[in-house]
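What you are looking at is a predicted structure, and each value in this text was computed from that prediction instead of being measured.
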Amino acid sequence: LDLIRKQKSAEVITSDTTKTLTAIAVDTTQAKSKFVFKEDGDYFWVTIVQNGKGDITKFKTKLSDINSQSFSMDELTISSVFLDINNQLVSVKSFDGKEHAMQYYNFFKDNAEAFKDLVPGTYQSFIISSENYITFYKDKNIQDYQQFFTQNFK
């Protein structure tokens with residue numbers, strides 16, 4: 001009986017230790033991300049374009065035309081700013097919640113015609129919440145946000 005009790009005690013300790021280590025790993029992963037996932041709130045659709053790799057004005061015009069034809073009820077606005085020395089950021093604002101923004105994202109993922117004025121392979125698109133946009137614009141780390149986007153939205 002003592003052997004059985006010792007074995008069960010060891011199993012409980014091992015199980016508790018595994019749960020604790022798993023919880024620590026999850027907390028560490030979440031602590032590393034400066035971005036916060038949420039379903040609700042304002043979302044933007046963003047395309048990052050390398051400078052000199054396409055006609056941003058034509059791209060924005062094409063977006064405007066598509067928005068008028070396919071998304072006229074959404075009252076979307078398009079803007080662009082320089083993100084850094086190498087990249088421009090074109091944004092379409094704003095969508096009510098993640099689901100609505102993902103519908104727009106998927107529409108353009110399947111519509112290559114919209115990007116014909118940009119050099120292939122020199123741009124990337126994603127959706128971002130208004131709160132995460134502030135964080136993203138401050139640190140300008142495209143790779144960090146792209147990783148967060150891939151983990152949480154695809």
Asn132 versus Phe35, closest heavy-atom pair with distance: OD1-CA, 3.4 Å
Partners passing salt bridge (charged side-chain N to carboxylate O under 4.0 Å, His left out) against Glu99 (at least two apart in sequence or in another chain): none
Verify same cluster id: Phe44, Phe153 (apolar side-chain graph, 4.5 Å): yes
Within-4.5 Å side-chain heavy-atom neighbours: Val92 and Phe108: no
Scan the side chains in residues 71-84 for donor-acceptor partners under 3.5 Å anywhere in the protein, sequence neighbours excluded, and list what turns up.
{"from": "Asp74", "atom 1": "OD1", "to": "His100", "atom 2": "NE2", "distance (Å)": "3.4"}
{"from": "Ser79", "atom 1": "OG", "to": "Ser91", "atom 2": "OG", "distance (Å)": "3.0"}
{"from": "Ser80", "atom 1": "OG", "to": "Lys60", "atom 2": "NZ", "distance (Å)": "3.2"}
{"from": "Asp84", "atom 1": "OD1", "to": "Asn86", "atom 2": "N", "distance (Å)": "2.9"}
{"from": "Asp84", "atom 1": "OD1", "to": "Asn87", "atom 2": "N", "distance (Å)": "2.8"}
{"from": "Asp84", "atom 1": "OD1", "to": "Asn87", "atom 2": "ND2", "distance (Å)": "3.2"}

Residue pairs involving residues 105-116 (criterion salt bridge (charged side-chain N to carboxylate O under 4.0 Å, His left out); sequence neighbours excluded): Glu113-Lys116
Within residues 142-151 or reaching into it, pairs that qualify as salt bridge (charged side-chain N to carboxylate O under 4.0 Å, His left out) - sequence neighbours excluded: Lys34-Asp144
Straight-line distance of Gln147 CD to Asn152 CG, nearest 0.5 Å: 10.0 Å
Asn111 (side chain) donor-acceptor with Phe107 (main chain) under 3.5 angstrom: no
Asp96 side-chain N/O to Asp42 backbone N/O, donor-acceptor pair under 3.5 Å: no
Can you give the donor-acceptor pairs under 3.5 Å from side chains of residues 45-58 to other protein atoms, not counting sequence neighbours?
{"from": "Thr47", "atom 1": "OG1", "to": "Ser125", "atom 2": "OG", "distance (Å)": "2.7"}
{"from": "Asn51", "atom 1": "ND2", "to": "Ile85", "atom 2": "O", "distance (Å)": "2.6"}
{"from": "Asp55", "atom 1": "OD1", "to": "Thr57", "atom 2": "N", "distance (Å)": "3.1"}
{"from": "Asp55", "atom 1": "OD1", "to": "Lys58", "atom 2": "N", "distance (Å)": "3.1"}

For Phe126, all residues meeting ring pair (Phe, Tyr, Trp, His ring centres under 6.0 Å), sequence neighbours excluded: Phe136, Tyr145
Distance, nearest 0.5 Å, that separates CG of Asn141 from CD of Gln146: 11.0 Å
For Gln103, all residues meeting side chain to side chain donor-acceptor pair (under 3.5 Å), sequence neighbours excluded: none
Passing candidate, ring-ring contact (aromatic ring centres under 6.0 Å, His included) with Tyr105, options Phe95, Tyr43, Phe149: Phe149
Sequence-distant partners of Lys140, salt bridge (charged side-chain N to carboxylate O under 4.0 Å, His left out), two or more places apart: none
Worked check of side chain to side chain contact (heavy atoms under 4.5 Å, CB included) between Lys62 and Ile66: CA-CA 6 Å; Lys62 187 160 302 284; Ile66 291 170; 4.0 Å; yes
Modelled atom types, side-chain donor and acceptor of Asn67 and Tyr104, under 3.5 Å: yes
Residue list, side chain to side chain contact (heavy atoms under 4.5 Å, CB included) with Glu39, at least two apart or on another chain: Phe37, Lys98
Phe115: partners by ring pair (Phe, Tyr, Trp, His ring centres under 6.0 Å), with sequence neighbours left out: Phe59, Tyr123
